[in-house]
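Let me begin by presenting the structure, written as structure tokens, before commenting on it.
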Amino acid sequence: MTDRPAILSISSKELDAWLASRAAPAYRRKQLWGWIARGAASFDEMRDIPKPLRSELDREFRLTSLTPVAVSQADRGLTTKTLYELDGGHSVEAVVMRYADRSTLCISSQAGCPIGCPFCATGKFPFGRNLKANEIVEQALDAARMLPAEGRRLSHVVFMGMGEPMANYQAVIESVRRISDRELLGISPRRIVISTSGLIPRIEQLGHEELAVTLAISLHAARDELRDVLVPINRRYPVADLVASAQAYADKTSRRVSYEWVLLAGVNDTERDAKELGRLLRGKLAHVNLIPFNPVEDTPYRAPERAAVRRFRELVEAQGLNVTVRDTRGREADAACGQLHERVMKERAVKAS
Ligand code: SAH
Ligand code: SF4
């Protein structure tokens, strides 16, 4: 049923008022949120909340607005990708990645993406819509529900799924506040990464939020001429200005900025690129994360050979920069964020024709 609002679509103040109007004590919110954070599947199982109140909650609200429509596993069960249908029919996905010391969730902030980077599966479909804050938080709640049965706990959240988080700023900030709220998921903002293609005014605004989330900049090229093509928003916000605004964020928060670099064979993996990157970032509180391209159909790009990745890494290191190569989790089954969605969209298109 889509007529009832999702419980997290109302603010904590609205929930408090709703509880008060039912003569329920204020601590019921804490109990309710505790159950939600522990992954309750229904209001009815919230045993320390009186039965009449549980029934009333169930009549008025849904626990989540997300409907899982496809789940795929990869890396021998270490990666789980879930595609969710949103109210109104758009869909987004989230990916759980299990490591020895942490469990990270990659979440979506928009259905589709308006930026249109030519190597990205998400950018290939028409933009759908912005997600609401609760739709973002509910992805994290679903992972928080999945992990305890495995003796794990959701520890990190990265906004690296579908969409440009800075183009849905208010909802993303509100979702970060809720994900980090100790009464809800309690994940420290330091363990939350907002990845952006580079909307400078929003990076500046983020610096004023007193949130101290980790900022990741999708750089991919250090010269405007190439970045204009790979990340089209660069035509509005050129690379030198972008790095200056990220550095201002680093200075303000003392948080090291992470620079993402998708390695595209023969396009941005040459010695020239490494030198330009060195000139741009040397001496800054920065970390470079190389991501070997995850092939996307109908794009002109190719993944680099292993040896080329190693070589580029060494070239960047030689520039005096801090660099790691990201392990591209989920490569076997639908790979990077955006690609399960691509397959499902194609299947739908085939069915519809
Ligand atoms: N829109 C934001 C966040 C989502 S994309 C951004 O661009 O930063 C998250 C990361 O995945 C970005 O660094 C993006 O460049 C990268 N990415 C997109 N498509 C990819 C692909 N096919 N292979 C590897 N990385 C990809
Ligand atoms: Fe959007 Fe990020 Fe994909 Fe570019 S890489 S199209 S900004 S999701």
Side-chain angles (χ1 to χ4, degrees), residues 79 81 92-95 97 104-131 136 139 157-169 171-172 175-176 192-200 202-203 206 213-221 226-237 239 242 246 257-265 267-269 287-304 309 312 324-331 334-343:
T79 304
K81 190 161 187 167
V92 295
E93 62 200 358
V95 186
M97 293 165 285
T104 301
L105 179 69
C106 172
I107 54 180
S108 297
S109 56
Q110 299 182 308
C113 181
I115 307 292
C117 306
F119 56 85
C120 173
T122 304
K124 279 174 37 179
F125 293 96
F127 176 62
R129 69 165 169 86
N130 279 334
L131 263 61
I136 300 173
Q139 296 169 57
V157 172
V158 298
F159 282 81
M160 293 189 181
M162 296 166 63
E164 168 49 56
M166 295 297 198
N168 184 14
Y169 186 84
V172 165
S175 72
V176 167
I192 299 176
V193 180
I194 296 189
S195 176
T196 179
S197 56
L199 280 71
I200 293 177
R202 298 289 86 78
I203 295 171
L206 185 67
V213 293
T214 300
L215 181 65
I217 302 286
S218 291
L219 199 61
H220 313 324
L226 178 58
R227 198 166 187 274
D228 280 352
V229 176
L230 297 181
V231 189
I233 193 96
N234 192 72
R235 290 174 214 152
R236 179 130 46 113
Y237 302 117
V239 82
L242 173 58
V257 173
S258 175
Y259 288 88
E260 313 288 302
W261 191 281
V262 171
L263 273 172
L264 308 165
V267 174
N268 64 354
D269 63 351
H287 177 90
V288 177
N289 204 355
L290 303 177
I291 318 167
F293 176 56
N294 234 322
V296 177
E297 264 178 50
D298 308 324
T299 69
Y301 303 108
R302 283 180 303 112
V309 175
F312 191 72
T324 47
V325 177
R326 182 178 317 153
D327 105 59
T328 45
R329 270 297 170 81
R331 198 157 244 232
D334 300 312
C337 293
Q339 289 174 54
L340 173 66
H341 184 257
E342 178 173 28
R343 195 192 66 205

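Just so you know, ligand 1 is whichever comes first in the structure, and atom 1 is the first atom listed for that ligand.
In this structure, atom 2 (Fe) of ligand 2 is not in close contact with the protein, since no protein heavy atom lies within 4.0 Å of it.
In summary, the atoms of ligand 1 found under 4.0 Å from a heavy atom of Val296, numbered by their order in the structure, are 22 (N). Set against the non-hydrogen atoms of Gly163, the atoms of ligand 1 under 4.0 Å away are 1 (N), 2 (C), 3 (C), 4 (C). Atom numbering of ligand 1 starts at 1 in the shown order; those under 4.0 Å from a heavy atom of His220 are 13 (O), 15 (O). For ligand 1, the atoms lying closer than 4.0 Å to a non-hydrogen atom of Met160 are 4 (C), 5 (S), 9 (C).
Ligand 1 lies out of reach of Ser109, whose nearest heavy atom is not under 4.0 Å from it. Look at Pro295 and you'll find every heavy atom at least 4.0 Å from all atoms of ligand 1.
Pairing each heavy atom of Ala111 with each of Leu131, the nearest pair is N-CD1, 3.5 Å.
Of the candidates Leu263, Val325, Asn268, Phe312 forms a side-chain contact (heavy atoms from CB on, under 4.5 Å) with just one, namely Leu263.
Contact annotation: the side chain of Thr104 never approaches that of Val193 to less than 4.5 Å [non-hydrogen atoms, C-beta and beyond]. Put simply, the side chain of Phe159 reaches to within 4.5 Å of the side chain of Ile107, judged on heavy atoms. Proximity of Asp269 to Leu264: side-chain heavy atoms (C-beta onward) are nowhere separated by under 4.5 Å. Under the 4.5 Å side-chain criterion, counting only non-hydrogen atoms from C-beta, Tyr301 is in contact with Leu230.
With a 4.0 Å heavy-atom cut-off, ligand 1 is reached by the backbone of Thr196 but not by any atom from C-beta on. Residue contacts with ligand 1, taken as heavy atom pairs separated by less than 4.0 Å, involve Phe159 solely via the backbone atoms N, CA, C and O.
Checked against a 3.5 angstrom limit, the closest N/O atoms of Glu260 and ligand 1 fall outside it.
Here the protein contributes Cys120 SG as N, O or S atoms under 2.8 Å from atom 3 (Fe) of ligand 2.
At distances below 3.5 Å, not a single donor-acceptor pair connects side-chain atoms of Arg202 with backbone N or O atoms of Ala167. A donor-acceptor contact shorter than 3.5 Å links the side chain of Gln110 to the backbone of Glu164. Tyr169 contributes a side-chain N or O that, together with a main-chain N or O of Leu206, makes up a donor-acceptor pair within less than 3.5 Å.
Taking the side-chain hydrogen bond (donor to acceptor under 3.5 Å, both in side chains) definition, one finds that Arg302 meets it with nothing, sequence neighbours left out.
Between Asn234 atom CG and Ser218 atom OG the span is 12.0 Å, to the nearest 0.5 Å.
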